[in-house]
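All remarks here apply to the structure that follows.
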Protein chains: 2
Amino acid sequence: MNIMKIPSEWSRLQGESGPPEPQSIGWTRIATQTLHEGRFLTLCNDTVVRPDGSQGTYEHVAVNDSVRVVALTDENQVVLVEDHFYLQGPRVLHLPGGGCGGQEPEVAARRELEEETGLVPEAMVPLAVIDPLPGMTAARTHLYVARGLTPGTVSRDDTEAGMTVMRWPLDTAVAAVYNGVITEAGSVAALLLTHCSQSQHQSTT
Amino acid sequence: MNIMKIPSEWSRLQGESGPPEPQSIGWTRIATQTLHEGRFLTLCNDTVVRPDGSQGTYEHVAVNDSVRVVALTDENQVVLVEDHFYLQGPRVLHLPGGGCGGQEPEVAARRELEEETGLVPEAMVPLAVIDPLPGMTAARTHLYVARGLTPGTVSRDDTEAGMTVMRWPLDTAVAAVYNGVITEAGSVAALLLTHCSQSQHQSTT
């Protein structure tokens, strides 16, 4: 993907709407209030000055960052897991991953991969970081590619009972994204980024 | 992308972990309690039976679905917007879009595109639906491709002051995803899906 460059000056590519309005200075936080502190998430209500200068409030959710891992075998198969999601219903297919729980993202990625699939990677390479719902939470999802998979120890928590592990050709997993079978945002982004990189590499070598 | 098929029976591709554990029947909701009802989001605490049969609670956020639009010009340029995000800091680059606000997703996609960019599309074609944070919210992000763009009326709200509009070649926007400049999950997924589809089409025709 290194043949595509983005311009150092975005303004050179701007459309007809012109430069930013000079009076806009972004958001300012005046105060923050905790509305609820739960086991996994905290609901906050901040007093803010909006980009147009008006004052108001902004509710947002503080929650741990999360990770998703594209674990690839030597045959370019990707490891997928399937389990029950409370809010989405039975049997959701997705990449291994989960909440960082206060760990560094790479440590969490290695832990989640082994807990859910019983696989320990030799290499865990950062792929991208995405903002799943930037209007509601500052939490980010860190995406990795794992290679050199060797057996470790499965250790699932009480929300993951009934989880199964599959190995699909990467192309098949990408087709499942296109067909709407895989919909979790981190899995969608990580699978497409990996697939596009491989396609780009194949077409230039 | 129609050359790739996923199997009708996923079990045929399963790895060595075997079939689902038969005792797992997924999650059951026993009761739901509203902890906070705000202008944009509602925080709920449900009493549940987990997949392993144990009882517990599950906190989640109810919020409107959202939309993101890949608006393409006849020259295969994509329309991007840049504005201040309260939780991410100044000048976030992303696809036009936002909350559905109770509207059908396609109606919301047309409204958001015109409000933010002043463009009215002839065609608004569904691309995919993703789950941005399925562990925390059931809200989905609906992705569209818009074509046949004609001038309409910009109408931005008080959180969008200072928003600017750009038109970039699609390849440049995809490079911005790879380079970590575009990180909003719906924008990442929609740009990569559109790019991979075009690349696939070009390589098979």
Side-chain angles (χ1 to χ4, degrees), chain A residues 1 4-6 13-15 17 20-21 24 26-27 35-36 38 40-41 43 48 50-52 54 58-61 63 84-88 90 128-134 136 138 158-159 161-162 164-168 171-172 174-176 178-181 183-185 188-189 192 196 199, chain B residues 1 4-6 13-15 17 20-21 24 26-27 35-36 38 40-41 43 48 50-52 54 58-61 63 84-88 90 128-134 136 138 158-159 161-162 164-168 171-172 174-176 178-181 183-185 188-189 192 196 199:
Chain A
M1 214 34 99
M4 296 191 298
K5 300 291 185 194
I6 58 167
L13 281 175
Q14 270 184 207
S17 77
E21 297 165 35
S24 173
W27 297 77
L35 296 178
H36 172 79
F40 290 110
L41 60 83
L43 181 62
V48 298
R50 301 189 191 96
D52 69 348
S54 64
Y58 196 113
E59 291 179 354
H60 61 98
V61 176
V63 66
H84 305 286
F85 268 47
Y86 174 55
L87 298 171
Q88 278 72 31
V129 187
I130 63 171
D131 295 302
L133 270 177
M136 190 170 84
D158 54 9
T159 69
T164 48
V165 183
M166 306 172 205
R167 296 177 183 205
W168 284 13
D171 280 358
T172 306
V174 171
Y178 272 87
N179 294 343
V181 171
T183 59
E184 186 274 320
V188 167
L192 292 174
C196 288
S199 301
Chain B
M1 214 34 97
M4 297 191 297
K5 300 291 185 196
I6 59 167
L13 281 175
Q14 271 184 209
S17 78
E21 298 165 35
S24 173
W27 297 77
L35 296 178
H36 173 79
F40 290 110
L41 61 83
L43 181 63
V48 298
R50 300 190 191 97
D52 68 348
S54 63
Y58 196 113
E59 290 179 358
H60 61 99
V61 176
V63 65
H84 305 286
F85 268 46
Y86 174 56
L87 297 170
Q88 279 72 30
V129 186
I130 63 171
D131 296 302
L133 270 178
M136 191 171 84
D158 53 11
T159 70
T164 49
V165 183
M166 307 172 203
R167 297 177 184 206
W168 283 13
D171 280 358
T172 306
V174 171
Y178 272 86
N179 294 341
V181 171
T183 59
E184 186 275 318
V188 168
L192 292 173
C196 289
S199 301

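Just so it is clear, the structure is predicted and the values come from calculations on it, not from any experiment. To find a chain, count down the sequence lines: A is the first, B the second, and so on, and within it residues start at 1.
Interface remark: B/Ala189 contributes backbone and side-chain atoms alike to the contact with chain A (heavy atom separation under 4.5 Å). Contacts between A/Gln88 and chain B at a heavy-atom distance below 4.5 Å involve the side chain alone, from C-beta outward. With a 4.5 angstrom heavy-atom cutoff, B/Glu59 touches chain A via backbone and side-chain atoms both. Only the backbone of A/Val129 comes within contact range of chain B, with heavy atoms under 4.5 Å apart.
Partners of B/Phe85 by ring pair (Phe, Tyr, Trp, His ring centres under 6.0 Å), not counting sequence neighbours, listed by chain and number: B/His94. Remark: A/Leu43 engages A/Leu35, A/His36, A/Val61, B/His36, B/Leu41, B/Leu43 in a side-chain contact (heavy atoms from CB on, under 4.5 Å) (not counting sequence neighbours).
Put simply, the side chain of B/Asn179 never gets that close to the backbone of B/Val181: no donor and acceptor are under 3.5 Å apart.
Put simply, OG on B/Ser199 and CG on B/Leu192 are 10.0 Å apart, with the number rounded to the nearest 0.5 Å.
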